[in-house]
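The chains referred to below are lettered A, B, ... by the order of the sequence lines, with proteins before strands, and numbering in each begins at 1.
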Amino acid sequence: MIEDPVEAWITGQLALTLLAVDPVGLKGVHLRARAGPVRDTLLAAIPDDLRPLRRISPGISDTQLYGGIDISATLAQGRLIREQGLLARKQRLLLTMAERCEPGLAARLAQALDGEAGHSVILLDEGADADERAPAALIERLAFSLDLDGLRSADMADIALDPRDIDMAREALPQVAVPDEALAVLVVTAARFGIHSLRAPLLALACARAHAALSRRQTVGDDDLRLAAQLVYAHRATMIPQEPDETEDTPEPPQPDDTQAKGPDETEQTTPDEMLIEAVKALLPPEILAALQSGGTGRGAKGSGGAGALRKGNRRGRPLPSRPGKPDGAHRIDIVATLRAAAPWQPLRRQAQPDAKGLLIRPSDIHLRRFKEMSDRLVIFAVDASGSSAVARLAEAKGAIELMLAEAYARRDHVALIAFRGEGAQVILPPTRSLVQTKRRLASLPGGGGTPLAAGLRAATELARQAGGHGLSPSLAVLTDGRANVPLPGRTGRAAAVEDAHSMAGLWRATGLPSALVDTGNRPTRDLATLAHAMGGAYVPLPRADSRGLSRAIGQALEA
Amino acid sequence: MTRNQPFPFSAIVGQDAMKTAMILTAIDPGIGGVLVFGDRGTGKSTAVRALAALLPPITVVHGSPTNAATPEDQPDWAETVPDVLVERPTPVVDLPLGATEDRVVGALDIERALTRGEKAFEPGLLARANRGYLYIDEVNLLEDHIVDLLLDVAQSGENVIEREGLSIRHDARFVLVGSGNPEEGELRPQLLDRFGLSVEVRSPNDVEERIEVIRRRAAFDADKSAFMDHWTAEDAKIREAILAARGRLAGVAAPDPTLRDCAELCIALGSDGLRGELTLLRTARALAAYLGDPAVTRAHLRRVAPMALSHRLRRDPLDEAGSSTRVSRTVEDVFA
């Protein structure tokens, strides 16, 4: 991570300048920052070459993107009037609230970026939590990803860049030569950071060329490569390169067990690569370092965090009465209701327009169909991974989760997993339907320590709230075998632990969502039954269940 | 610079399984489509878009909304068009995620209904994809009701629209090509089964290969026409090979031992239904035709078995090995 705020600021400006030099090659910037003076100043500093920016929101309709019939104008003039879509011409798009972008819109924008029309996009991502991000499919296609959080207005230095410099760089760009070694260096560096996508080296190459052009160089040099690697690779890295010769600064080698991360271990590295690797390493986001050092999975595995199954929420459902509205391509017009609304006015309108032929329909007559939407269900497993629960229980819980997921498609369930042990709770598996992801995450589920039931319940409530916002209907299955013995942070003692667990249970109850508490202990415990009651859920004592029994019992308890 | 010039198919480095699968479906569209699963940035979309340039042109009635081959095939609702036959490239139609039902199957032509009071049909993507390819990127994120529609049409080869006072049917025979990232969700088994072949793609692990990918892409972006000059000839070679293979296809023999091999393989794998055997044989036959061999042999079966069968296995959530490894293992056992 860039420690120095001033440097972060300069990097942001540089990224935007490079984008202005080569918007087609670099595709755009993912800008993660809250709305505020810092973001505004950066956006105000966008070079003129990137203007005019078209502001779009995640709710943009297909008609606006691709063009369609301008219904109001068509009806007013009695002949077909089409409106042109945004994407028909080369656009500099600015997507606000990118963290709310639906996978469908992301796919369409991604398709537009892949095309030859030369679009570029700036994503404004205001996501509050780590899992609330702009869709990965979009971020992946853009060269830069900037994080301005923690930057204060005082840190902002004014960088005056002569617009003529950018113009000259644009002209010089096609002539910038790329030595073959430079390609090799970029590719090898990407591979060593565990970046599998081949888009990354291409974007880095474009970035290096743009920087060379901006620095008035004819050929891409080491400086350009270093900067390109820093700007394009740092946020994509999924592993820290292993160093054969020096060991002082990496405490533990990264675990190669995640994904198919295969470092090119057999290739001999040359010096320019090392230079690049050091440069990128200095900028690695801290959470990646932490994740890699704790042996967990890197960012690669949670690639779909923002997009994907998570938001694949609602389907068509039971029809509701139609309602007046403006056709936007996403809704269907209810013809009958529209005609019915127009019918009583015909004589009156005829008087106003005696020459008009056919029905006289005004935009206000148009009715849209509506459907009552059904949500996908999300089953949150909160699993006790404490020492008492031990390895066998954990294995059964894992099995049950995989089984439920295998049936997920038929039952429309998503699955998430929270493990609580030791001092707190951890979301091991964010809501997903993907078997592949589940297996990867479950394989590394650790066990041992105390039973922080309160923390587990709090994490579950938090996750349920988030998932609800994405259009899922959550339910909770808690698997534990013992009483709470670790309170929330800041308190001590067993009594406090039980008290906290009960207050957190109340918190869940307040959500009004279904839950089940599965007692996996050898003998049913009264404490747990009381807790289940406090959660407003079912209590299921299940001392000797295997994975299949568990999955069935949970299904029944939540169904009830 | 031509707009929307796709990257040439022959210039795609590596990814042999994916390329072979696409060539084989081009030889015999009856195989029924390809599903490409893999991580982001592995060239899935590039390959599909490049495919269009490889496909031999088709003859259609000029102006036909469903690419009808003869005036008799022209659906009766379509406006009358002159009996002129023209050649045009095989359609490769994109089905974007989030497309509405109306856009996919076609719907009442609202503008004409409202402005002229006429009941006319506005054909959708399925009509445009007739006799060509329908490409769905991120197929595993497709909404359920669209999937249901596709399943039905892909099976029957006919699109039936019964709503809003319309009663219309037209041919919709297309090769389904889907791509997706398995991390983002599973595909319904019913939809999986509709794809003839499935391949998994990975980024190449070999550094030289990766460098070559970047080198070619950079050359393509820098000077499209020079790059195309070189590779168009290569593409043309593949296209001719596909045409030649189509001619040979009917003559490729499938001897009894081969049929037995197919059946034994599918039984050993426990794949549901007979579609596995049929696809396996068809694919192996297309491969034999492509290679110019007179009959289908075990060598052909061995090469196509993973792509024809891996997605038809009953999924065992507790099995860690990938399904294509399971297929290869079983092939070795059965053919041992």
**Item:** Atom group of L202(A) that falls short of 4.5 Å from chain B, counting heavy atoms
**Value:** both
**Request:** Please round to the nearest 0.5 Å and tell me the distance separating atom CD1 of I211(B) and atom CG of D180(A).
**Result:** 7.5 Å
**Closest contact, heavy atoms only, A137(A) versus E138(B)** = CB-OE2, 4.0 Å
**Complete:** Value for CG (L198(A)) from OG1 (T46(B)), rounded to nearest 0.5 Å, stands at 9.5 Å
**Item:** Test log, rule side chain to side chain contact (heavy atoms under 4.5 Å, CB included), inputs I214(B) and L205(A)
**Value:** CA-CA 9 Å; I214(B) 304 299; L205(A) 180 65; 4.3 Å; yes
**Complete:** Sorted by chain and residue number, the side-chain contact (heavy atoms from CB on, under 4.5 Å) partners of S198(B) (sequence neighbours excluded) come out as L35(B), S310(B), H311(B)
**Prompt:** Measuring from R199(A):CZ to R217(B):CZ, what's the distance to the nearest 0.5 Å?
**Reply:** 9.5 Å
**Prompt:** Non-hydrogen atoms of chain B under 4.5 Å away: do they reach the side chain of L203(A), the backbone, both or neither?
**Reply:** neither
**Asked** Judged by atom type as modelled, is there a donor-acceptor pair below 3.5 Å linking the side chain of R210(B) to the main-chain atoms of H196(A)?
**Response** yes
